Structures are given as C-alpha cells and as structure tokens.
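A, B, ... follow the sequence lines: proteins, then strands. Residue 1 opens every chain. The structure presented is a predicted model; accordingly, all values stated were derived computationally and were not measured.
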There are 2 protein chains.
Amino acid sequence: MSRRGQPNVSTPERRQVILAAALACFDEFGVAATTVDQIRDQARCSIGSLYHHFGGKEGVASALFIEGISDLNAGLLLRLEACASAEEGVRTVVLHYADWVSRQPQLARFLLHSREIHFAPEAKSELKAIYQRHFGAVFSWFGRFVLRGEMKQLPPETYIPIISGPIEDYARLWLSGRTRTPLAEVAEVFAEAAWNAVRAR
Amino acid sequence: MSRRGQPNVSTPERRQVILAAALACFDEFGVAATTVDQIRDQARCSIGSLYHHFGGKEGVASALFIEGISDLNAGLLLRLEACASAEEGVRTVVLHYADWVSRQPQLARFLLHSREIHFAPEAKSELKAIYQRHFGAVFSWFGRFVLRGEMKQLPPETYIPIISGPIEDYARLWLSGRTRTPLAEVAEVFAEAAWNAVRAR
DNA sequence: ATCACATTAGAATTTAATTCTAGAATATGC
DNA sequence: GCATATTCTAGAATTAAATTCTAATGTGAT
C-alpha cells in the first residue's frame, strides 16, 4: 500500500491518537504540568513512539497548535468568501470565532492559553507561512471596502486587534470559567461593537 | 531592628533580587524553559534561599505576577480618579495600559504570555481578591455614566473585553516583536475605537 | 524470500526539581 | 553581653522527569 521509505497506513492514526491524548492532558493539567508519561499512558503508546513522531512534548504541542490554527483559519476564510458587504464580513469574523471556540473549547483553550510553546525552527517557519497566507487573504478580502470608503482607514496592524481583540478576550474569560454567559449569547454584542469601531460614518 | 520571629531587614531586598533575576530569565527563555538553577545563578543565591522565600519556580512566578498586576491596577485607578467624563475615563483605560506596557515591556510580556502559571491556593485567592477589588472600583467609577445614558448599556461582562481587548491584543503583538509600530503611536487609535464602541449615540 | 526503512518498545542515561539537614545571621528578652 | 527563638542561607542527597539509545518488529516493494 505504501512506497518504499514512506510511512505506513497506521501512522496518521497513531499521530492523531497521541495528539488527542495530549490535548486531553494539556487541558486537564496545563501544558507545563503534563508529563510525557501521562500522554503516553492516555495514548497507550511507548515513549519511543511518541519521540519518533513528535520529538517530545514540545513537538506534540507544536503540532497540535498548528493543526488548531489551521482549522480555525480555514473555517473563517470559507465563511468570509460568502459575505457580500463590509459589515457582513466584520460580523462574520467575530461570529465565526465565537462559534469555533464554543464548538472546540478544549482546543481553543489550548490555543489561547499557550503562548509558552517553544516551536522548533521548522514549526516556527511553518506557522509564519500559515499566518502570512491567512492574513494576506483576509486583508485582500477587506481591502476593497477600505478603498471604497465603507470602512475607516486605520493603521493596518490595528484592524485585527480592533475587530477580533474583544471576542478573543471574552473567549479567554469564558474558557477559564470566570464568566458563565455563553459566547453565543454575547457574540452579537461584540459583532456590533466591532462594526461600530471600523465603519466609516 | 526587627521583632522576634520577624523577617530581618535584608529579606525584602533578597526577595527583590530573586524576582528581578527570575523576570530576566523568564523573558529570555520563557517560564517553562528557565530552570531554577538559572534563576539562582543570576540572583547569586542558593537553592535553599530561593525555596525558602518562594517554594520553587511556580512561587517566584506567582509573586512576580501578583506584583505586576497590582502595579498595573494601582496606576490605572490613580489616573481614573482624575477623569471627569466617560470619554476621558475610557480613553484613560486604554492609554494607561499602553503607557504601562511601553514602560515595563519585560513585566508586561510576562503578564500577558504567562497563562500557564499554576498558582498555589493562597496565591489564587489573593489574586481573586485583587481582581474583585480592582474591577469593583472600576465598575463603580463607570457605572454612573451608564446610568446617565452617556455610555451604552451592555452585558456587564462585555465592557472590559470591548474597551481593553484591542489594546491588549496589540500589546501582545508588539511585545512579541511581530510589529514594529510602537504602542504610543497607535494608542490613540485604540482609545478612539474603544470610545466609539461604548458611547451612547 | 529478502531488503530497506518506518515504527515501536522500554532500558539506560541525563538533566532538572525538590527535599532535607545543618549551620550562620539577626534581633530580642533578660 | 549572653541565651534563645527564629529566620535565613547553603549545598548535598533524593526524587522525578525528560531524553537518548539500542534492539527488535512490522510493512510493503521487488
């Protein structure tokens, strides 16, 4: 089934099992506090296997991070393509984020609470490429509305914080259990606030 | 100089030396990657001393976190008391944050990038008390303007993300070196956006 | 069947965190 | 000014975790 020198079929499954086990541990104990052995237990694999596929805890965390970010980004672009106005686009950015976090709270918690990962050089450049591609696409989508004068002209690096910052901040709050009101119930408020902050008037 | 059973004079200095050393290490290597020995080297103290005062790396990180948050909060309240209008208050929240982060980038980086600290129960409840006191004061300051109809009436837990979320998000960006434009240059934009998002219209 | 390589396993090693015991410093009561 | 209670400092000893390494096994290609 596979060519010489290529991974066999079961490999992707094994990787996924390890990633899932790691996410469960990270979520329960925190990235710093989970041990490689805990992941190994949960994934029912050997140390050797884990190190072979990911090179250690950092490697597992990196892979999980990249997988999560990619999924989040891909989903947004898909929904954004279907929007017809600046307002719809801005609202979609906020609402998609709220949806995604509500649906994958564990993964979201991991992405938001883990600025402590030490990516290996390759992971770092892969991430950089992902970000560039994604934000490039998003900016090119919104760009025309700024040109048409439907959105405020602002320093480019301020759009993302202004539009996404609040819902992200609230998501952090909700994910950490410090507020009960579900994202879905307040997402509209943030969508509205984001649009008010960037609409031309 | 000190009473029986009480810490001697040099103790506070020693604690500060250790905290400063830890901050430098955390900033250079990340919290997870710095070892207790690195902190000990930098602080020129013994393991015993470090464990005596803080009980370990987590303890040092907790103390640093509480110290940082307290300083940030105290500064804001001070400036807020001097404000006369809702708009001035909202702008002050944003601008003070920008100022503080610009002035203490290392400490700010530590506060923002360290959601991975496992606080001991006492530290946890101390933090909780600090937050309650602080946000209680801030909400009581702003409350009247909502009542007077000068600010929008919104779900209470959404004000902080809406007002502070964007500048916080941008601060993260700037602190991680992914953008060059200094906070001071864009702070006005965020202050303006925050006010637009919460003003009654 | 046999080869090349990916994969798995777990023992051995290395490295870091934490505990523990003892001694030095400090301020006070007498 | 000496006895004493207590804090503080030091670093060796211990424990726990991360990582490396060697050998064995599985898999598909030829």
Phosphate contact (dT8(C) OP1 or OP2) by S46(A) side-chain N/O below 4.0 Å: no
Over 60° means perpendicular and under 30° means parallel, so classify the ring planes of Y170(A) and F190(A), tilted if in between. tilted
Length of the line joining L50(A):CG and dT19(D):P, which is rounded to integer Å: 11 Å
Rounded to whole angstrom units, what separation is found between the CZ atom of R44(A) and the P atom of dT8(C)? 16 Å
Shortest non-hydrogen contact from A63(A) toward F54(A): CB-CE2, 3.8 Å
Could you measure the distance from the OG atom of S49(A) to the CD1 atom of I18(A)? Nearest 0.5 Å is fine. 4.5 Å
OP1 or OP2 of dT8(C) sitting under 4.0 Å from any side-chain N/O of H53(A)? yes
From CZ of F54(A) across to P of dT7(C) the rounded distance in Å is 11 Å
Take atom CZ of F29(A) and atom P of dA17(D), then tell me their distance rounded to the nearest Å. 12 Å
More than 12 heavy atoms of other residues, nucleotides or ligands under 6.0 Å from CZ of R44(B): is that the case? no
Just the rounded figure in Å: distance from P of dT22(D) to NE2 of H52(A). 17 Å
May I have the distance from H118(A) (atom NE2) to dA18(D) (atom P), rounded to whole angstrom? 15 Å
Short heteroatom pairs, N/O only, protein and nucleotides 18-24 of chain C, under 3.5 Å:
residue, atom, partner, partner atom, Å
dT18(C), OP2, Y51(B), OH, 3.1

Within the pair R14(A) and dT7(C), is there a side-chain N or O less than 4.0 Å away from OP1 or OP2? no
Heavy-atom pair of closest approach, residues T34(B) and K57(B): O-NZ, 3.0 Å
W141(B) six-ring face occupied by R144(B) cation (under 6.0 Å, within 45°): yes
